[in-house]
Number of protein chains: 2
Amino acid sequence: MTDAPRAQKRSRPVQVADQIKRWVVERDLRKGDKLPNEAAMIAQFGVSKGTVREAMRILEAQGLIVTKTGPGGGSSVGEVSKDRAMSLLGNYFYFKDLSLSDIYQIRKVLEPELVATLAGKLDDETLDELREMAHRHPEPARTPEEEKQQHITSLAFHARIADAADNELLDFVISFMARILADLTVYRRLYAAPNRALWERGRRHQIDLVEALARGDGQSARDIMRSHMQEAETMMNAQEMKITREFMAE
Amino acid sequence: MTDAPRAQKRSRPVQVADQIKRWVVERDLRKGDKLPNEAAMIAQFGVSKGTVREAMRILEAQGLIVTKTGPGGGSSVGEVSKDRAMSLLGNYFYFKDLSLSDIYQIRKVLEPELVATLAGKLDDETLDELREMAHRHPEPARTPEEEKQQHITSLAFHARIADAADNELLDFVISFMARILADLTVYRRLYAAPNRALWERGRRHQIDLVEALARGDGQSARDIMRSHMQEAETMMNAQEMKITREFMAE
DNA sequence: GCCGTAAATTGATAATGATAAATTGGTATC
DNA sequence: GATACCAATTTATCATTATCAATTTACGGC
């Protein structure tokens with residue numbers, strides 16, 4: 001609970017939303033647990049239906065509850081999804097001016113660190129998925145459309161590794177950066193001029209990385225990822241991209 | 001814009017909120033720019049007052065607008081604050097089980113990287129603030145209350161450094177971790193058993209770090225921060241803490 | 001200029017009906 | 001008699017309308 005004891009008067013719907021939050025925290029409710037229905041809340045808090053509904057929309061917007069109609073319906077606690085959290089955080093950065101080098105400054109240290117700790121700990125299913133992604137595009141792109149697709153796959157590769165981390169915060173940060181870069185790829189025409197040598201090295205990196213992870217060689221995995229990040233940054237910087245206002249999400 | 005083209009029917013208030021968002025993005029409105037008033041939106045979207053109000057609560061909950069009453073009042077675009085963004089992200093991690101080692105895995109690589117790039121680039125005012133914080137507690141704590149206070153100061157020291165970064169994402173991630181640790185300190189009794197040698201080294205680290213930053217010695221700054229993180233982690237781990245469900249914020 | 005009042009705007013309630021979905025119950029079929 | 005299906009009922013939320021209260025700026029009289 002971080003509700004600042006702010007003196008300023010808050011609106012009734014916000015007050016009600018906060019009370020419901022406290023109610024949930026106190027009872028340690030989890031995903032799926034049901035909240036009282038509208039009528040009960042109207043009685044409980046002594047406010048009108050409209051106020052209760054506004055309170056519910058507030059909680060819903062934050063991803064904390066889900067609401068269904070019909071018998072057995074009503075509102076229930078809903079775990080905030082990773083996607084929702086990324087969208088909400090995206091709203092914050094919508095007003096900032098992130099640059100590619102800002103993102104790569106972080107990627108360059110976090111991703112090598114991640115793969116080093118992950119070496120030897122991935123299950124076969126994950127490794128196979130990664131192998132598939134690493135091998136999916138056996139040839140350099142010939143069109144901007146293909147280039148975009150390859151880029152998306154590459155970012156999904158990184159996000160997939162992050163998902164395997166046993167560290168939700170590290171997972172989130174890396175996935176969030178991948179999403180920013182992916183959105184950038186989708187909404188702007190972000191693709192590199194053809195460069196077969198560079199492309200070949202990037203592909204090699206991914207393939208080698210998976211095998212280093214598979215055989216539990218953390219040091220190699222770290223080194224490969226470092227090189228990979230370095231080259232990716234160089235390639236991206238060649239695009240003179242300016243990142244900002246890319247998403248204002250759901 | 002990341003609104004997934006979800007097939008499922010969304011409620012009117014959500015639809016209206018999305019339309020307003022699009023409206024804002026299309027016109028590239030910034031903080032302070034005004035939105036149409038309730039009456040205009042009712043006419044514009046052909047919905048009732050209640051629906052418009054629910055839409056506004058949604059946007060308000062995400063920190064995207066602020067609303068005032070009275071003539072010349074109404075809603076206007078409001079930059080999402082760092083604090084609000086941290087609260088919303090906190091809701092996501094409320095349902096996760098972060099451990100101290102999760103956080104320190106990231107701190108250990110990000111913070112040394114940060115100070116290395118910051119060496120020689122801080123203005124005198126910032127350096128003075130950091131010096132003041134580093135020197136604020138000249139003696140080890142004698143009570144749990146003092147211990148808590150010193151810990152808060154130390155985390156503020158790290159957050160202050162992050163704020164100086166010319167990288168909003170790096171700033172946010174580090175500040176967010178500092179906040180989690182600070183909340184942990186406040187809401188649980190998190191304090192170390194007295195250990196003068198450890199305490200002395202920690203204080204020394206901070207003082208030396210500021211001076212390394214002042215004279216532009218990035219390599220020293222990095223090394224000092226690395227040692228500092230290492231010792232901090234050791235100290236925290238001595239507390240067997242389990243982080244979770246610490247905040248469910250505004 | 002100062003001060004009080006009017007006007008503009010959101011805030012909140014109440015009453016009513018529409019819509020969605022799970023449950024119930026009936027009915028036909030095997 | 002058991003089962004599958006379909007329709008009616010019931011229980012919720014969803015959405016609109018009308019009305020009044022609260023708040024705060026803006027204006028006008030002095």
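Order of the sequence lines sets the chain letters (A, B, ...), proteins ahead of strands, with each chain counted from 1.
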ask   = What are the residues of residues 34-46 of chain B, sorted by number, that bring a heavy atom to within less than 4.0 Å of DNA chain C?
value = B:Asn37, B:Glu38

task = Specify the separation, in whole Å, of atom CZ of A:Arg12 and atom C1' of C:dT10.
result = 14 Å

message = Nearest 0.5 Å, please: how far is CG in A:Leu110 from OH in A:Tyr104?
response = 13.0 Å

request  = Would you please name every residue forming a side chain to side chain donor-acceptor pair (under 3.5 Å) with A:Asp128, sequence neighbours left out?
outcome  = A:Arg131

query = Who are the salt bridge (charged side-chain N to carboxylate O under 4.0 Å, His left out) partners of B:Lys49, not counting sequence neighbours?
reply = B:Glu38

Stepwise salt bridge (Lys or Arg N to Asp or Glu O under 4.0 Å) check, B:Asp171 with B:Lys82 = CA-CA 10 Å; B:Asp171 176 12; B:Lys82 189 161 137 187; 3.1 Å; yes

note = side chain to side chain donor-acceptor pair (under 3.5 Å) filter on B:Thr51, not counting sequence neighbours, yields B:Ser48

message = Mind checking if B:Ser11 touches a base, just sugar-phosphate, or nothing, with heavy atoms under 4.0 Å?
response = sugar-phosphate

ask   = For A:Asp163, does the CG atom have more than 12 heavy-atom neighbours from other residues, nucleotides or ligands under 6.0 Å away?
value = yes

request  = Please identify each residue that fulfils salt bridge (charged side-chain N to carboxylate O under 4.0 Å, His left out) with A:Glu54, with sequence neighbours left out.
outcome  = B:Arg53, B:Arg57

task = Apply salt bridge (charged side-chain N to carboxylate O under 4.0 Å, His left out) to B:Asp33 and list each qualifying residue two or more places apart in sequence or on a separate chain.
result = none

key: By salt bridge (charged side-chain N to carboxylate O under 4.0 Å, His left out) - contacts of A:Asp102 (at least two apart)   = none

remark   = Protein heavy-atom contacts under 4.0 Å, written 5' to 3' over nucleotides 19-24 of chain C as B (base), S (sugar-phosphate only) or - (none), form the string -BBB--

ask   = Can you check whether A:Arg53 has a side-chain N or O nearer than 4.0 Å to OP1 or OP2 of C:dA12?
value = no

query = Which residues pass the side-chain contact (heavy atoms from CB on, under 4.5 Å) test with A:Thr126, sequence neighbours left out?
reply = A:Leu122, A:Asp123, A:Leu130, A:Arg160, A:Ala164

task = For residues A:Leu64 and A:Val77, determine if any side-chain heavy atom of one lies less than 4.5 Å from a side-chain heavy atom of the other.
result = no

key: Qualifying salt bridge (charged side-chain N to carboxylate O under 4.0 Å, His left out) pairs, either residue in residues 61-81 of chain B, two or more places apart   = A:Lys96-B:Glu79

message = Does the plane of the ring in A:Phe93 sit parallel, tilted or perpendicular to the ring in A:Phe176? Use 30° and 60° as the thresholds.
response = tilted

Can you pull every protein N or O that's under 3.5 Å from an N or O on nucleotides 16-18 of chain C?
none

remark   = Students should find that the nucleotides of DNA chain D closing off the region near chain B, any atom under 4.0 angstrom from a heavy atom, are D:dA15 to D:dT25

